[in-house]
Amino acid sequence: MDGGGVSGSGGVTGVGVRGREAGAGPLLLGVRHHGPGSARSVRAALDAARPRVVLIEGPPEADALIPLAAEEDMRPPVALLAHAVDEPGRSAFWPLAEFSPEWVAIRWALDHEVPARFIDLPATHTLAWGRDEGDEGPAGRPDDPAGEIPETSPSEAPSDAHGTGPSGEDAVEDEPAVHVAVRVDPLGVLAEAAGYDDPERWWEDVVEHRGTGQGDVFEPFTVLEEAMGVLRETYGTGGHDRDLVREAYMRLQVRAAQREFGEDVAVVCGAWHVPALRRKSTVAADKAQLKGLPKVKADMTWVPWTYRRLSRHSGYGAGIDSPGWYGHLFGAPDRPVERWLTKVAGLLRDEDRIVSSAHVIEAVRLAETLAAMRGRPLPGLSETTDAVRAVMCEGSDVPLALVHDRLVVGDVLGEVPQTAPAVPLQRDLDRIQRRLRLKPEALERELELDLRKENDAGRSRLLHRLRLLGVAWGEPTASRGSTGTFRETWRLRWEPELSVRVAEAGVWGTTVLAAATAKAEADAVSASGLADVTALAERCLLAELPDALPTVMQILADRAALDADVGHLAQALPALVRSLRYGDVRGTGTGALTEVAAGLAERVFVGLPPACAALDAEAAEEMRRHVDAVHGAVGLLSEVADPEQDPPVASGQRDGVPSGGPATVPGKDSQGTATAVPEQDPAATAVSGPDDGGDALAPARRGLCGRWQAVLKVLSLRDTVPGVIRGRAVRLLLDDGELAQDEAARLMGLVLSPGTAPGDAAAWIEGFVGGGSGGGMLLVHDERLLGLVDAWLTGVPAEAFTDVLPLLRRTFSAYEPGVRRTLGELVRRGPGRRGSAAGAGAGIPGFGADLDGDRADAVLPVLRLLLGLDGDRYDDATNADDNDLAGVVG
């Protein structure tokens, strides 16, 4: 059920009138927020009483927004949003669903042309109250249970924000302990008094299953008012003054309505407040409670809400466990259990599960039987869930989780009319969304974009601009269908709090473009590191912010000139160069970006060799990654700057991430034919043509590759450079054709000679064939290199083998399973006899023609140990090469 308690203390519904005889005072309808039983009872009571005015617990600033509830485009769940004008991030929500008693009261008043007014403490005080107390976030929940009623477990008593009090980011659990009283759950107290161990089950039995239309429609409110009165006498208000202030304000508003409309006044509020509103108090005493309250200037509007947000107990949620189930109970005209299980069957059928009408019939019977065994008047959510698990899901919780997610909680997203007030930025965003046909949805979905299409390019620009503004409507994800830079994949889901983010972003401008431009310029000024500025430049290109780019580029150039850390420069270069290809894909000029990138690359060339000296293992591995990234960046930078060279065939994959990991593509030779060397992992060697304004710089760019290769040669031969970096430098030179295979084999032979420490040799091997750079395929196709590695490994002394084994396992475990299997087969055939896979000789594929006696003898000690044979277990066979490469890669 909804998981809420008594209003303000977790919310119980309904207490109200002590009879409707003349002079009885206002009609007080105490409710449980978001309770369908309370909503039905409120509607029946209003139909019977026919009041002249309806007063509702909520911020009075929203009175002007009440008529919008009658608009055709208004579809709950929705929420009233209040935010401070000067600090939009300080906000509060009042969520309402179609089964919320407050929403039912509003719609009844509009349908019967009766005035409706909100009477809770104004939002201008609510938002300021938390700020003056030193809260870091939004005002939060002024009517939280901390000040209303003691509670044993904070998680069991959601706040009064369930449709009446603001639901902000700062839950009471996050406030200093001095503000929180020891509390109990009022529902739990009443349920325990009735002999129930589950408050929700008690609530279902006494309210949700009770129905309306029989007997006195005011009786439920009378009974619950008495119960709340006893609870307040027992527990008081917990020493919190917020409830006293709110209730004083509500009493003043009720008196004002009585002076205007007489006694025909109906009040819909949390049941916890009813005894306080019934209590006699002087006007002077109530006004004294309101003196000195802090104020801020506040704006209010309607915003869409979701069932998923209603189901959360913290943040902006309302603490309802099953809003979808509640909505069904409220909307079902009859036979709710049968209708619910029919919905479940339809969902499971849509997911290709075999569910027939017989399953539905049996599930209904089982639910009714369970209810009878448990002493319940009708089946509740627990009984229907148990029946679905047993009958339709065959005892599995996997499809049951789908039922809970799609139906019990639900993905319903409300709608508000265009006439609702909104900040200018929200208006511009709505206009762009309509133009691009990109409608917000509560259900998460993937969106594939082809940037060559105008509408898709516009969608991409919008999503990137919103990300710059902190409005994370979409998250980039890896594209599955294509690896070209013209493809983007986004995962979209609209969350209600994004409305607050839009309001916050409104301080940067009145349109999405202007706000994103101003935000990018401010972020560039405040960026803490060079890599942050380069990532921001990339995001500016993705978001197509031409006015922000000059400012970002100037700051980038200044930061690059002052930063002497080669690691920072190497970390910043790939993102900067990766941005250059967007000049072709998005039609954005990148001439200034190219010039800065070239200057950054030159500084890396000069500083990298000294920076690679005397590094420990961890620092050496990090620098190896920088070398990889710079290598890919230099290749891409040279291609962009030189319009004469052959364009590459394949496109790199950006993965849709503006500042994420580099793309990878297979290498190509000058004729566009795929080479045997696999992908390079730092950055794509792909996709770009000449850049605007880049032709004048082309001669200088043509020398970048040559200077970088000279740096790699220095790294490959310098003894003070760690082995993992020297091995990687040799590998990169070999891939680029700057190093002959014979020379690479000679360098490997020198490193793997007995004079080199095993740890250094293993690090060199990791740099040469590790790092996920296709080293496995290189060993498969180059017999000499594999033989050198095999010979070195079998010659590693036993005392050193244990030390180098983890490093070697890490190197070879990164290979694809098929590559490891092929390497194992080649090694088992033995050096000089491997040949090709097809012509490996007669006999069983993967096995040599002759038996290797030495290797066969190596297993004898293990066999003797396993079989328990007597005799010498460790004969000369233990000296065989039992630590060969096959054992490492196997």
### Query
Are the side chains of Arg501 and Leu466 in touch, meaning some heavy atoms are under 4.5 Å apart?
no

### Query
Counting N and O atoms only, with roles assigned by atom type, does the side chain of Arg389 sit under 3.5 Å from a partner on the main chain of Pro399, one being a donor and the other an acceptor?
no

### Query
Should we say atom CZ of Arg335 is surrounded by more than 12 heavy atoms from elsewhere, each under 6.0 Å from it?
no

### Message
Looking at every heavy atom in both Leu400 and Cys393, which two are closest together, and how far apart are they?
### Response
N-SG, 3.9 Å

### Query
Which heavy atom in Val412 sits nearest to a heavy atom in Pro77, and how many Å separate them?
CG1-CD, 3.7 Å

#### Entry: Identified side-chain contact (heavy atoms from CB on, under 4.5 Å) partner of Val502 from the options Asp430, Val303, Leu425, Leu469
Leu425

### Query
At what distance, to the nearest 0.5 angstrom, does CG of Leu402 lie from CD of Glu351?
5.0 Å

### Query
Do Glu441 and Leu492 touch side chain to side chain, with heavy atoms closer than 4.5 Å?
no

### Query
With respect to Leu80, which candidate in Trp305, Phe93, Trp302 satisfies the side-chain contact (heavy atoms from CB on, under 4.5 Å) definition?
Trp302

### Side-chain ion pair, Glu415 and Lys439, N-O less than 4.0 Å
yes

### Task
Quick one: list whatever passes salt bridge (charged side-chain N to carboxylate O under 4.0 Å, His left out) with Asp405, sequence neighbours left out.
Arg308

### Query
Between Arg232 (side chain) and Trp272 (backbone), is there a donor-acceptor pair under 3.5 Å?
yes

#### Entry: Donor-acceptor contact below 3.5 Å, side chain Thr301 vs main chain Ala420
no

### Query
Between CG of Leu329 and CZ of Arg40, what distance do you get to the nearest 0.5 Å?
6.5 Å

### Query
Any cation-pi pair here, Arg43 with Trp108, using under 6.0 Å and within 45°?
no

### Query
Is there side-chain contact between Met228 and Leu190, with at least one heavy-atom pair below 4.5 Å?
yes

#### Entry: By side-chain hydrogen bond (donor to acceptor under 3.5 Å, both in side chains) - contacts of Asp111 (at least two apart)
none

### Task
Measure the shortest side-chain to side-chain distance between Pro421 and Asp299 over non-hydrogen atoms and say whether it is less than 4.5 angstrom.
no

### Query
Which atoms form the tightest heavy-atom contact between Ala97 and Pro76, and what is the distance?
C-CB, 4.0 Å

### Side-chain donor/acceptor of Ser100 to backbone N/O of Glu102, under 3.5 Å
no

### Task
Measure centre to centre between the rings of Phe118 and Trp94, then say whether the value is under 6.0 Å.
no

### Message
Going by side-chain contact (heavy atoms from CB on, under 4.5 Å), Val267 matches just one of Leu29, Ile119, Val274. Which one?
### Response
Ile119

### Query
Can you check whether His328 reaches Pro336 side chain to side chain, under 4.5 Å on heavy atoms?
yes

### Message
So which atom in Trp325 and which in Leu381 form the shortest heavy-atom distance, rounded to 0.1 Å?
### Response
CZ2-N, 3.6 Å

### Task
Verify, without hydrogens or angle tests, whether Ser38 (side chain) and Arg32 (backbone) share a donor-acceptor contact under 3.5 angstrom.
yes

### Query
CD of Glu444: more than 12 outside heavy atoms within 6.0 angstrom?
yes

### Message
Under a 3.5 Å distance rule, please check whether Glu247 uses its side chain to pair with a backbone N or O of Ala276 as donor and acceptor.
### Response
no

### Message
Using 0.5 Å steps for rounding, measure from the CG atom of Leu429 to the CG atom of Leu438.
### Response
9.5 Å

#### Entry: Phe99 and His34 aromatic ring geometry - parallel, tilted or perpendicular at 30°/60° bounds
perpendicular

### Query
Side chains of Val42 and Trp103: closer than 4.5 Å at any heavy-atom pair?
no

### Task
Apply side-chain hydrogen bond (donor to acceptor under 3.5 Å, both in side chains) to Arg365 and list each qualifying residue two or more places apart in sequence or on a separate chain.
Glu362

### Query
Donor-acceptor pair, Glu57 side chain versus Gly270 backbone, under 3.5 Å?
yes

### Task
Looking only at non-hydrogen atoms, find the nearest pair between Arg349 and Val355 and report the distance.
NE-O, 2.6 Å

### Message
With a 4.0 Å cut-off on N to O distance, would you call Arg467 and Glu475 a salt bridge?
### Response
yes

### Query
Can you name the nearest heavy-atom pair linking Tyr249 to Asp120, along with the distance?
CE2-O, 3.2 Å

### Query
Are Cys269 and Arg246 side-chain neighbours, meaning at least one heavy-atom pair lies under 4.5 Å?
no

### Lys/Arg-Asp/Glu bridge criterion (N-O < 4.0 Å) met for Arg107, Glu98
no

### Task
Report yes if the side chains of Arg339 and Asp334 come closer than 4.5 Å at any heavy-atom pair, otherwise no.
yes

